[in-house]
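Just below is one structure, and these are the notes that go with it.
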Amino acid sequence: MTKVITRFAPSPTGTLHIGGVRTALFNYVYAKQNDGLFLVRIEDTDKDRSTKEFEKNILDSLSSIGLSPDKEPINQSERNDIYVAAAEKIIASGKGYWCDCSKETLDEMRKDQEAAGKKPMYDGRSRNLGLERSENTVLRLATPEDGEIVVKDLIRGEVMFQNSELDDLILLRSDGTPTYHLCNVVDDYEQNVSTVIRGEDHLSNTPRQIHIQNALGYPSLEYAHLPLVLGPDKKRLSKRHAATSLEEYKAEGYLDSAILNTLGRLGWSKGDQEVFYMKDLIKNFNIHEVQKAGAIFDITKLDWLNSQHLSNLNLEDFKNHLIPFLEEISIDINDHFNTDALINAMKSSSNTLQGIATELRPYFLDVENYDQKAISKFIDDKGMQILNDLLDILSKLTQWDENNLDHALKSYQTENNYSVPQVNQPIRIALTGSTKSPSLGLTLYLVGQKNSLDRLTKLINSLS
RNA sequence: GUCCCGUUCGUCUAGAGGCCUAGGACACCGGGUUUUCAUCCCGGCAACAGGGGUUCGACUCCCCUACGGGAUGCCA
């Protein structure tokens, strides 16, 4: 049995797209579970749209999320000779021909065909002209006119295409550069790729590429065409719908493992299991089980999975993941006197690391804004009285710990016959600006005595 | 237009002819726990696109229609 080699072949015309990550993931997992190799190839034959910046973004993004290739990525732009040699081979074999149709001619032909209700395609008019290569000729593949091509797809089974539906595609442009189809086929062969796992949008390209393989005498490949990742309107996911770049999701505080989990679970499932780590995917993923229909990318599922992955992190790892997000808002985690207690108390306060970092602000920085609704609801004259009373009580407290604080609050509340929220909410507002926080004794402890007293004073002053 | 692929709850999916009173998860709604928020627990809502076959029996097989997507580039 031949070694399984898969490849992810992005063109560097944009940052790494979340759909691309999924394609890369499936390629990666399929390779790993078959003890094979995962390769990356940069398809930068479009000089106008490809940039080095995008290429770097894609490569960095892939390795940052753990989908590193097993060999150094190759660039098609540096392999021109190889493609030209392949083209020469096709010319020599008589399976290609030169065509001098101008773009205008082609456009006109297409228009006529469309008007006649036909599929627009090159009609092969130059095929038997015996044209020589010249400045404005392109090399076309002489595609068989009869018969059919059967694409054996791991996900879709056998898909049949009539050769009569296919036109003679361009292999070499008039400037002599090779086109996508040629490069793609040649590189898959040169890189010993065994299995092509790519988006469904390439399914109808496949018979064309098989013809190139045949013309070149290459062995056939295994294919798997993945359903597309869609936006809520069922069109392929784009910037219109949501963030599409991997880096944006990472910047929002989604864990790599949660992103991969979400993407892996999009179009594939295993029993009732929802949480998968890479090792689970490698163990359980089965390409034959991949769904055929496109799947809508649902951010709420990502949110939930992120919270699951976050809660599976031990304290140390959690902290390390969180630190960059705190730094982002100029918070140094070491400025707190008990980070472990703080983080334990706050780790489920949001689904994302960025969200958690934001929730952590009051434990490092002064409160700038108060929830006005909460103030009007909880702080009336009696609320002011309570704030003043507690400022007094708390400033006299010698043992500033959770238990003591809870006791102090409780006895004040019962002695004065107040309800619990009546006492606690005003303090919460003073400490955090809102009514959201861990249990109050713990919150007071985490904010610290001096800060707590200062904030009580500040709120009292601002309201009197 | 033509070719190709597809169609189960709002979303991701389970379902390989009787196990389906169509299961799970997310979301949503309700309840409980929590002094608040979040977590957590319990409960609820909610789908086989439509029509024909085949069969004793169809979500499952076949055909048609509808709808969606993709491809139809000297882009990849």
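The sequence lines fix the lettering, A, B, ..., with proteins before strands; numbering per chain opens at 1. Side chains are part of it too, since the values below use all heavy atoms of this structure and drop only hydrogens, waters and symmetry mates.
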Quote, to the nearest angstrom, the P distance that separates B:U8 from B:C48.
11 Å

Per the atom types in the model, does the base of B:A25 pair as donor or acceptor with the side chain of A:Lys301 at under 3.5 Å?
yes

Kindly indicate whether the side chain of A:Ser348 and the base of B:A38 share any N or O donor-acceptor pair separated by less than 3.5 Å?
yes

Does a side-chain N-to-carboxylate-O contact under 4.0 Å join A:Lys292 and A:Glu200?
no

For B:U54, what is the paired nucleotide under Watson-Crick or G-U wobble rules, both distances under 3.5 Å?
none

Does a distance-only test, which skips hydrogens and angles, find a donor-acceptor pair under 3.5 Å between the side chain of A:Asp201 and the base of B:A76?
no

Looking at the side chain of A:Leu228, which of B:U36, B:C40, B:G70 is the nearest nucleotide?
B:G70

I'd like to check A:Ile299 versus A:Leu302 (side-chain heavy atoms, cut-off strictly below 4.5 Å). Are they in contact?
yes

In terms of side-chain heavy atoms of A:Glu200, which of B:G10, B:U36, B:G69 is nearest?
B:G69

Considering every strand and a 4.0 Å limit on heavy-atom distances, what is the contact class for A:Ile296: base, sugar-phosphate, or nothing?
sugar-phosphate

Under-4.0 Å side-chain N/O to phosphate OP1/OP2 contact, A:Gln76 with B:A76
no

Using the side-chain heavy atoms of A:His202, tell me which of these nucleotides is nearest: B:A76, B:G6, B:G10.
B:A76

Inter-nucleotide P distance (B:C29, B:U7), Å rounded:
31 Å

Taking atom P in both B:C28 and B:U11, what distance in whole Å separates the two?
15 Å

Hunt down the Watson-Crick or G-U wobble partner of B:G44, both distances under 3.5 Å, from any strand shown, or write none.
B:C28

Taking only the side-chain nitrogens and oxygens of A:Arg236, find out if one of them lies under 4.0 Å from OP1 or OP2 of B:A71.
yes

Basic-acidic side-chain contact under 4.0 Å: A:Glu222, A:Lys152
no

Taking only N and O in the side chain of A:Arg428, is any of them less than 4.0 Å away from OP1 or OP2 of B:C37?
no

Once you apply a heavy-atom cut-off of 4.0 Å, does A:Cys101 come out as touching a base, just sugar-phosphate, or nothing?
base

Just call it for A:Gln291: base, sugar-phosphate, or nothing, with non-hydrogen atoms closer than 4.0 Å on any strand.
sugar-phosphate

Using the closest heavy atom to pick a nucleotide of RNA chain B for each, name whichever of A:Glu158 or A:Leu172 lands nearer the 5' end.
A:Glu158

Would you classify A:Ser269 as touching base, sugar-phosphate or nothing, given that sugar-phosphate means primed atoms plus P, OP1 and OP2, and contacts are heavy atoms under 4.0 Å?
sugar-phosphate

Do A:Asp371 and A:Lys436 sit within salt-bridge range, that is, some charged N less than 4.0 Å from a carboxylate O?
no

Do A:Lys347 and A:Phe318 form a cation-pi contact, if we require the NZ or CZ to be under 6.0 Å from the six-membered ring centre and within 45 degrees of the ring's axis?
yes

Is there a donor on the side chain of A:Ser437 or the base of B:C37 sitting less than 3.5 Å from an acceptor on the other?
no

Let me spell it out: for each of A:Leu230 and A:Pro438, pick the nucleotide of RNA chain B with the closest heavy atom. Which residue's pick is nearer the 5' end?
A:Pro438

Interatomic distance at P, B:G57 relative to B:G43, whole Å:
38 Å

Quick one: is A:Arg265 getting a side-chain N or O under 4.0 Å of the B:G24 phosphate, OP1 or OP2?
no

Please report, rounded to the nearest Å, how far the P atom of B:U36 is from the CD1 atom of A:Ile386.
16 Å

Separation between the P atoms of B:A71 and B:A76, rounded to whole Å
14 Å

Pick the C1' atom in B:U34 and in B:C40, then give their distance to the nearest Å.
10 Å

Pair A:Glu53 + A:Lys56, salt bridge at N-O below 4.0 Å:
no

Do the ring planes of A:Phe297 and A:Tyr249 sit parallel (below 30°), tilted (30 to 60°) or perpendicular (above 60°)?
perpendicular

Charged tip of A:Arg265 within 45° of A:Phe276 ring normal and under 6.0 Å
no

Of the residues in residues 45-59 of chain A, which ones touch RNA chain B at a heavy-atom distance under 4.0 Å?
A:Thr45, A:Asp46, A:Arg49

Can you tell whether the side chains of A:Arg240 and A:Asp233 come within less than 4.0 Å, N to carboxylate O?
yes

When all nucleic acid strands are considered with a 4.0 Å heavy-atom cut-off, which category describes A:Asn205: base, sugar-phosphate, or nothing?
base

Nearest to the side chain of A:Glu165 - B:U2, B:A71, B:U36?
B:U2

Mate of B:A66 across any strand shown (Watson-Crick or G-U wobble, both atom pairs under 3.5 Å) is B:U7

To the side chain of A:Leu106, which of B:A27, B:C4, B:C74 is closest?
B:C74

Name the pairing partner of B:U33, where a pair is Watson-Crick or G-U wobble with both distances under 3.5 Å, or state none.
none

Base, sugar-phosphate, or nothing for A:Pro421, non-hydrogen atoms under 4.0 angstrom?
sugar-phosphate

Identify whether the distance between the nearest side-chain nitrogen and carboxylate oxygen of A:Glu145 and A:Arg127 falls below 4.0 Å.
yes

Nucleotide B:G70, atom C1' - distance to CZ of A:Arg198 in whole Å
13 Å

When all nucleic acid strands are considered with a 4.0 Å heavy-atom cut-off, which category describes A:Met346: base, sugar-phosphate, or nothing?
nothing

Taking atom P in both B:A58 and B:C19, what distance in whole Å separates the two?
11 Å

Phosphate contact (B:C26 OP1 or OP2) by A:Thr300 side-chain N/O below 4.0 Å
no

For A:Glu274, report the nucleic acid contact type (base, sugar-phosphate, nothing); a contact means any heavy atom under 4.0 Å.
base

Under a 4.0 Å N-O cut-off, is there an ion pair linking A:Asp167 with A:Arg208?
yes

Between B:A25 and B:G18 - C1' atom distance, rounded Å
27 Å

Write down the distance between CG (A:Asn306) and P (B:A27), rounded to a whole number of angstrom.
13 Å

